[in-house]
K.L.:
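Structure in structure tokens, see below.
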Amino acid sequence: MLHDWRNEAEIFNHQLSLAEILAFTNGSDEVLRDLHQGLHSADGPLERMQEHLTALLATSALEAALPERRDNAEAGGPR
């Protein structure tokens, strides 16, 4: 699941870089509006990445590890 999320994030970052280059070199308000709508739509990449991350964090192995990591960090231990 972690690899799936990482792959999704990597693809998203690559696509976002290309979209930003297009949007800011073109300078068109329409392109910027399309970019914003594409990112923030209900079925857009941000929503998909959030779903992957939520599912990943809901796994029992991570749930068990998170309080321990938080306790160590608060005590000045390794993060």
Side-chain angles (χ1 to χ4, degrees):
M1 289 176 71
L2 181 58
H3 289 288
D4 290 342
W5 180 83
R6 183 191 58 88
N7 290 339
E8 186 78 26
E10 200 171 294
I11 290 167
F12 170 75
N13 285 333
H14 180 69
Q15 291 173 339
L16 182 59
S17 293
L18 293 173
E20 287 175 339
I21 290 169
L22 172 66
F24 293 108
T25 57
N26 185 338
S28 166
D29 288 341
E30 183 180 346
V31 172
L32 291 172
R33 191 171 34 257
D34 290 346
L35 174 60
H36 184 270
Q37 288 174 346
L39 288 173
H40 298 283
S41 65
D43 61 342
L46 293 176
E47 183 70 26
R48 287 192 310 272
M49 286 180 44
Q50 181 64 40
E51 290 170 3
H52 281 289
L53 189 57
T54 300
L56 178 64
L57 292 173
T59 62
S60 60
L62 285 176
E63 284 179 348
L66 287 177
E68 178 182 315
R69 290 181 62 197
R70 190 173 23 247
D71 293 342
N72 283 341
E74 289 171 0
R79 293 180 185 208

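Please read these numbers as outputs of a predicted model, since none were measured by experiment.
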K.L.:
State which residue, out of His3, Met49, Glu51, fulfils the side chain to side chain contact (heavy atoms under 4.5 Å, CB included) condition with Glu8.
P.N.:
Met49
K.L.:
Less than 3.5 Å apart, which donor and acceptor atoms pair up between the side chains of residues 11-22 and the rest of the protein, not counting sequence neighbours?
P.N.:
from: Asn13; atom 1: ND2; to: Ala9; atom 2: O; distance (Å): 3.3
from: Ser17; atom 1: OG; to: Asn13; atom 2: O; distance (Å): 3.0

K.L.:
If you round to the nearest 0.5 Å, how far is CH2 of Trp5 from CD of Gln50?
P.N.:
10.0 Å
